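Proteins get letters first, then strands, A, B, ... in listed order; numbering begins at 1 in each. Just so we're clear, the structure is a prediction, and the values are computed from it rather than from any experiment. Heavy-atom basis, side chains included; hydrogens, waters and symmetry copies ignored.
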Protein chains: 2
Amino acid sequence: MARGTGTSSAKMKDVAERAGVSIKTVSRVLNNEPHVQEKLRQKVREAAEALDYVPSQSARSLRGNRSYDINLVCHVAGSNYVNSIQFGAVFACQELGYQLSISLLENLGGKSIAEIRSAFEGLMRRRKPDGVVLLAPYANDEKIGFVLNEMGIQVVRVGPVDGTQNQGLLVEIDDYQASIDVVRHLTNLGHKRIGFVRGSQDQRSAHVRYSGFCVAMEAAGLVVDQELVRPGAFDFAAGYDAGVHFLGLKQPPTAVFASNDDMAAGVVAACTERGVKVPDDLSIVGFDDAEIATRMRPFLTTIRQPLHDLGARAIHELIGSFNSSTSKNSAHRVVLDHELIIRDTTGSPPK
Amino acid sequence: MARGTGTSSAKMKDVAERAGVSIKTVSRVLNNEPHVQEKLRQKVREAAEALDYVPSQSARSLRGNRSYDINLVCHVAGSNYVNSIQFGAVFACQELGYQLSISLLENLGGKSIAEIRSAFEGLMRRRKPDGVVLLAPYANDEKIGFVLNEMGIQVVRVGPVDGTQNQGLLVEIDDYQASIDVVRHLTNLGHKRIGFVRGSQDQRSAHVRYSGFCVAMEAAGLVVDQELVRPGAFDFAAGYDAGVHFLGLKQPPTAVFASNDDMAAGVVAACTERGVKVPDDLSIVGFDDAEIATRMRPFLTTIRQPLHDLGARAIHELIGSFNSSTSKNSAHRVVLDHELIIRDTTGSPPK
DNA sequence: CTGTTAGCGCCTTCAC
DNA sequence: GTGAAGGCGCTAACAG
């Protein structure tokens, strides 16, 4: 009987015995702590390997007051954006010995601090995560940051955030510059009447992209015609509606910049239905380089956001902050590179 | 100082003191065990409430009980299919007081039991989940089922599974019947030359859908021309390739049934590029009713799979099985309804 | 540099 | 019906 059944696993004690050292030494080696001879290190590692030893997370958390759990809070609506970030995050967690769990949160807009606190406590009661990843539209909510802070949970935000939020961890791309890049691409092609489809008002990125657009237009000596600026909600339907609107205009734009790919695809769909040629009659640019960008025809010109890396980096920052001796409220902002991907939906303006 | 800081929480001991009972009594009450006077029950509950007591998950699982954690194992490639199921699962978990965590697993095809065991142990032994949700392509892997079973982890599979696997929990739709529905729709329209794009060979659903296709063709008195059956991998590119192949044939099919929406969209894209009209020249049907089905033009005719419900139901079955007194290996199979959604990619054959 | 001692918070075993 | 010990596997604190 004894061991070897595969079911019951080896404990630290077993490893210690097999390696001929004390339990504490095993603990030291496994946690990469200093003050152990290289020889013993080897021995312990071999013993652990041979016994197929896996540390018990429960025991560890109980003793160390850590859960080794990171929670990704997202909105109750799956999108390729969220899923890609999540994917990168799970991957990084696995690599670092953490576990990623997912929470869904209803829209909290306008809720009081007390309500928000209770929502989070309900969510995290069972197992308090060591850290939380906040995605749009929650990344920019200062109340949520306050509540989490109060609960002693470290936070990392992904995506642009208000100036007032400039504390804590942040991982993003330069949305502002990316928008400028788009407009520049379009004006280089000779476009002058450029339409814009905005994102959801409750997401900071929507505003940053719009202001980048405006500034770049101005820099190019062009005016922003308010008739060519349409509201949106980062979804296909909004893009489609905007497209229908643009095409119905007496003087339609020759190019449209949509704040994300789903909306750009919607604009293209409106064109396709009406026999408007893309890019011959209308150039279209998106933002994100989501899956849909290469699953539509023509292929979408867009800004590539390294979604996978954003997620992975967020996790690395978070976990790094646990181990860093810096004050727990270490503010750190990392900006990843974006890239303009020129495909088939942009060209010179008609005639 | 003392308590009230919100950060440090009350323990069972504190509750016991406040209620004037022993620790064990508190434990009994909180776990709804019998043999406690109603009076004490009340007292304990009040004390717990007043102290805002939350049991420590780590201590609980260390002592050998449940983790209230359910793990969703999926392949290292996000897809709308997986994400939709996951969404339903998270939602259900939240409702039932469980937490959903995600694991990514490399393809295990052809690996030995020992290798699989070690992969899972690495994944789960850190914190053993109470249950695991297995999605394609892992749902049908009997070795994985064996290993998990050996580890004492309850499993629920989503999607079709081999006959040999007829033990344990299973949630699926009737893929076979759904395929028959598709062919019937096409033959009713008058199609006789019908092409088929297969799914990944390692997923059971691919085979079930194909055999449904064959049977229905035969039932309609049609032959399955092997030149019109193309391999696929459930992704856009495979559909596109198949489409290119079909359109290059001397005698192309008048309709194509692709085993999922991504591939159907690929076929449509091939048509769009070549100026082939859908559905006038070629009818196309997909499977899943994923996001892309309504983000492409024309809208895709497809089979709707209740992905959200499949995920939610899987969780309910799993958690239900924990509480049921039935033997732990309760086999249960639930089949959810599918629906043929007729949109704009199907019509009568040309001429 | 290494080993011993004491719990972390909970639940099970056994007395009362 | 209820309570008092003891230990799950690990690591912080202190010896040696």
Side-chain angles (χ1 to χ4, degrees), chain A residues 3 7-45 47-48 51-69 97 125-128 130 152 322-323 325, chain B residues 3 7-45 47-48 51-69 121 124-128 130 152:
Chain A
R3 66 209 47 153
T7 303
S8 64
S9 43
K11 327 173 205 176
M12 248 173 72
K13 194 179 139 201
D14 302 321
V15 178
E17 277 171 10
R18 194 182 218 275
V21 298
S22 84
I23 289 189
K24 180 57 196 171
T25 304
V26 176
S27 170
R28 284 208 178 90
V29 174
L30 268 31
N31 292 318
N32 290 314
E33 282 171 36
H35 307 307
V36 182
Q37 286 187 46
E38 199 44 50
K39 268 187 186 171
L40 292 188
R41 276 214 138 76
Q42 276 308 335
K43 268 197 171 173
V44 170
R45 280 198 228 283
L51 262 33
D52 195 26
Y53 171 79
V54 179
S56 151
Q57 214 48 251
S58 341
R60 245 191 182 174
S61 332
L62 179 56
R63 193 65 183 85
N65 209 30
R66 280 186 173 201
S67 62
Y68 294 90
D69 191 279
R125 223 176 164 69
R126 298 242 160 229
R127 181 174 11 264
K128 200 174 107 179
D130 293 339
F322 300 156
N323 306 325
S325 45
Chain B
R3 65 209 49 153
T7 304
S8 65
S9 42
K11 325 174 207 175
M12 244 171 76
K13 193 179 140 203
D14 301 321
V15 178
E17 277 172 11
R18 194 181 218 276
V21 298
S22 83
I23 290 188
K24 179 56 199 173
T25 304
V26 175
S27 170
R28 285 207 178 90
V29 173
L30 267 33
N31 292 318
N32 289 314
E33 283 169 35
H35 307 308
V36 181
Q37 286 185 44
E38 200 44 51
K39 268 188 185 172
L40 291 188
R41 275 212 140 77
Q42 276 309 335
K43 267 197 171 176
V44 170
R45 281 200 227 282
L51 260 33
D52 195 27
Y53 170 79
V54 179
S56 152
Q57 213 49 249
S58 345
R60 254 195 176 168
S61 16
L62 177 58
R63 200 62 191 81
N65 260 320
R66 312 184 151 186
S67 61
Y68 292 92
D69 193 279
E121 285 183 345
M124 330 234 112
R125 235 153 71 181
R126 295 196 164 271
R127 183 182 2 270
K128 204 173 105 177
D130 293 339

Treat primed atoms plus P, OP1 and OP2 as sugar-phosphate and everything else as base, then score nucleotides 10-16 of chain D 5' to 3': B for base contact with protein heavy atoms under 4.0 Å, S for sugar-phosphate contact only, - for none. BBB----

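Contacts of B:Arg60 classified as side-chain contact (heavy atoms from CB on, under 4.5 Å), with partners at least two apart in sequence or in another chain: A:Arg126, B:Asn31, B:Pro55, B:Gln57, B:Tyr68. Judged as a side-chain hydrogen bond (donor to acceptor under 3.5 Å, both in side chains), and not counting sequence neighbours, the contacts of B:Asp52 are A:Arg125. Listed by chain and number, the residues in a salt bridge (charged side-chain N to carboxylate O under 4.0 Å, His left out) with B:Asp69 are A:Arg127 (sequence neighbours excluded). For A:Arg41, the side-chain contact (heavy atoms from CB on, under 4.5 Å) criterion is met by A:Val29, A:Val36, A:Glu38, A:Arg45, not counting sequence neighbours. Among residues two or more places apart in sequence or in another chain, the side-chain contact (heavy atoms from CB on, under 4.5 Å) test is passed with A:Lys24 by A:Ser22, A:Ser27, A:Arg28, A:Glu33. Residues meeting the side-chain hydrogen bond (donor to acceptor under 3.5 Å, both in side chains) test with B:Ser61, sequence neighbours left out: none. Listed by chain and residue number, nothing satisfies the ring pair (Phe, Tyr, Trp, His ring centres under 6.0 Å) test with B:Tyr53 (two or more places apart in sequence, or in another chain).
Helix bend of the helix from C:dC1-D:dG16 to C:dC16-D:dG1: the angle between its two end axes, each built from five pairs, comes to 40° after rounding to 10°.
Here the range on DNA chain C touched by chain A, meaning any atom under 4.0 Å from one of its heavy atoms, is C:dC1 to C:dG9.
Between the CD atom of B:Glu17 and the C1' atom of D:dG3 there is a distance of 15 Å, rounded to whole Å. Between the CD atom of A:Gln57 and the C1' atom of D:dC8 there is a distance of 15 Å, given to the nearest Å.
Scanning both residues, A:Leu30 and A:Val44, for their nearest heavy atoms gives CD1-CG1, 4.1 Å.
Atom OG of B:Ser56 is separated from atom NZ of B:Lys11 by 11.0 Å, given to the nearest 0.5 angstrom.
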